[in-house]
2 protein chains.
Amino acid sequence: MQHEFGGMDYYPDLDLFARTELFQGTPADALRDLQASAARKRLAAGDILFQQGDGTTSVFVVIAGRLRASQMAQDGQQIIIRYIGPGEVAGYAALMGGDTHPGTVTAVDDSHLIGWTSAIVRQIMERYPIVAINAAALLGRRYHEMQIRLRELSTERVERRIGHMLLRLAHQSGRRTARGIEIAFPLSRRDLAEMVGTTLHTVSRTLSAWEERGIVTCGRCRVVLCKPHALVAIADEED
Amino acid sequence: MQHEFGGMDYYPDLDLFARTELFQGTPADALRDLQASAARKRLAAGDILFQQGDGTTSVFVVIAGRLRASQMAQDGQQIIIRYIGPGEVAGYAALMGGDTHPGTVTAVDDSHLIGWTSAIVRQIMERYPIVAINAAALLGRRYHEMQIRLRELSTERVERRIGHMLLRLAHQSGRRTARGIEIAFPLSRRDLAEMVGTTLHTVSRTLSAWEERGIVTCGRCRVVLCKPHALVAIADEED
DNA sequence: CCTGCAATTTGCGCCAACGCAAACATGCAG
DNA sequence: CTGCATGTTTGCGTTGGCGCAAATTGCAGG
């Protein structure tokens, strides 16, 4: 629904490159430099890109596929921070000069990425301020997203939170189908629960109730929004 | 406990300036440029710097005092995002090219700030990449903070969340006193509740219980941690 | 010193959602 | 085709902490 990054191109062309959230607006010669110093990486669904606590070695830009960023506490409880799609950055720690990755990033679909080491990224940002400015913009957007989620989690009931999250996911990576808007990557009840701060049981019950009312259709790791407007009503109605 | 920004200096000297999270590492001539284009601002406790939804006009750096950043939903429910102290940035939207402020910022103590318009900030970041890099770093740190709070809010009980938050606040702006570490700005039960996602009633009950055990001492809008180690135990103990 | 507002404390009833448990689907491996 | 692992549904008892209400305390302004 957002950018289109041309399927499975393994060697992305400059044009595609220039539409990336980190590199948009970068002059063409800089893009060529960048491409020269980039490392390509393929991941199969389920593969781990890096783990929480790992030393920060690189920043990655997603060319195709989708990944999940998650945070874990010592006791094993984990939450999902966000899903990362084409054009977006994975491994922001290297952008901000952090020395370890604050979360784990896992591929949820087969994915293609390109990466740069922290040192190179730093040089690039010093030479081409637009890249540093883009980095600030992208981190600012994510910070803002988190503020909103924190507010939702603090003040809203579970049903409404699930509604908001599905709408957000549909917006980020929904795919129009005959039955409605489908979340375009495998999303289990547990995943959804770990995004909105509840249990898979509660998510399951909620989705069942919605399915009864024809608002959604779901299968194993699949959710299709049949009546998005009804979801909006649930998520935003006064009361 | 963190930086010291020399009390009430209204015209901060370059040295102080250079210890700011946004400008550290900036060359001296740039700092002089910056100072020339800055606008000074004083706020009394309770004054509003800007409100959620306002058009983004400026970024501010706190020289002295303390402010509170909050987020409000349509229904009036609000949460506190964070407290902003000396050396920190208020109004990050202008750093990331946003066109409206995503939250409201209010002074909780008499405060001194210096500010730059979005346009000037943009120019500065283009001319001195270190400033853009610092902006990315600072937004990254806040993003990371939010991830941790989101995880706590998702997975931990209220008592533990209150414990973590008090420890965090003490770390950011604690002041050693005879009785223990005092949170160095007015913090009501309601404020604490809006930071950890609960009600002022629950906060009050929790603090009362802790006061009984000698872990904290509190008054009206005051909290002193008498036994920080006991709080750490509550916040981090297994189980 | 008095008055009034705002912050705090505390009691009590209730319910949304959790936790556990058990049955049931679905898709992949062999 | 069959079995297994993983995901999903659903029932049921429990409870943390919310919501309401009322009493109390502390601070500021007159």
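Computed over heavy atoms, backbone and side chain alike; hydrogens, waters and symmetry mates excluded.
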I need the [atom1]-[atom2] distance between [X] and [N], as an integer number of Å.
| X | N | atom1 | atom2 | result |
| --- | --- | --- | --- | --- |
| A:E211 | D:dT9 | CD | P | 7 Å |
| A:E212 | D:dT10 | CD | C1' | 12 Å |
| A:L187 | D:dT8 | CG | C1' | 14 Å |
| B:W210 | C:dT9 | CH2 | C1' | 17 Å |
| A:L200 | D:dT10 | CG | P | 13 Å |

Are the side chain of [X] and the backbone N or O of [Y] linked by a donor-acceptor pair below 3.5 Å?
| X | Y | answer |
| --- | --- | --- |
| A:R151 | B:I79 | no |
| B:T217 | B:V224 | no |
| A:R149 | A:I81 | yes |
| A:T117 | A:T57 | no |
| A:D110 | A:A45 | yes |
| B:T56 | B:D99 | yes |

Identify each atom pair where a protein N or O and an N or O of nucleotides 25-29 of chain D are less than 3.5 Å apart, giving names and distance.
from, atom 1, to, atom 2, distance (Å)
D:dG26, N2, B:R220, NH2, 3.4
D:dG26, N3, B:R220, NH2, 3.4

Using only heavy-atom distances, decide whether a donor-acceptor pair under 3.5 angstrom links the side-chain of A:H201 to the base of D:dT8. no
At under 4.0 Å between heavy atoms, which parts of nucleotides 13-18 of chain C does protein reach? Answer with one letter per nucleotide, 5' to 3': B base, S sugar-phosphate only, - none. ---SSS
Strictly below 4.0 Å: does [X] bring a side-chain N or O up to OP1 or OP2 of [N]?
| X | N | result |
| --- | --- | --- |
| A:S208 | D:dT10 | yes |
| B:R189 | C:dA7 | no |
| B:R190 | C:dA7 | no |

So do the side chains of A:W210 and A:I162 get within less than 4.5 Å of each other, counting heavy atoms only? yes
Do A:R68 and A:E194 sit within salt-bridge range, that is, some charged N less than 4.0 Å from a carboxylate O? no
For B:R175, is there an ion pair with B:E182 - N to carboxylate O distance below 4.0 angstrom? yes
Looking at B:R82, B:R142, B:R66, B:R141, which hits salt bridge (charged side-chain N to carboxylate O under 4.0 Å, His left out) with B:E88? B:R82
Measure the angle between the two terminal helix axes of the helix from C:dC1-D:dG30 to C:dG30-D:dC1, five base pairs each, and quote it to 10°. 50°
Taking atom CZ as the centre, does B:R222 end up with more than 12 heavy-atom neighbours from other residues, nucleotides or ligands that are less than 6.0 angstrom away?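 Yes, CZ of B:R222 has more than 12 neighbouring heavy atoms, counting only those of other groups under 6.0 Å.
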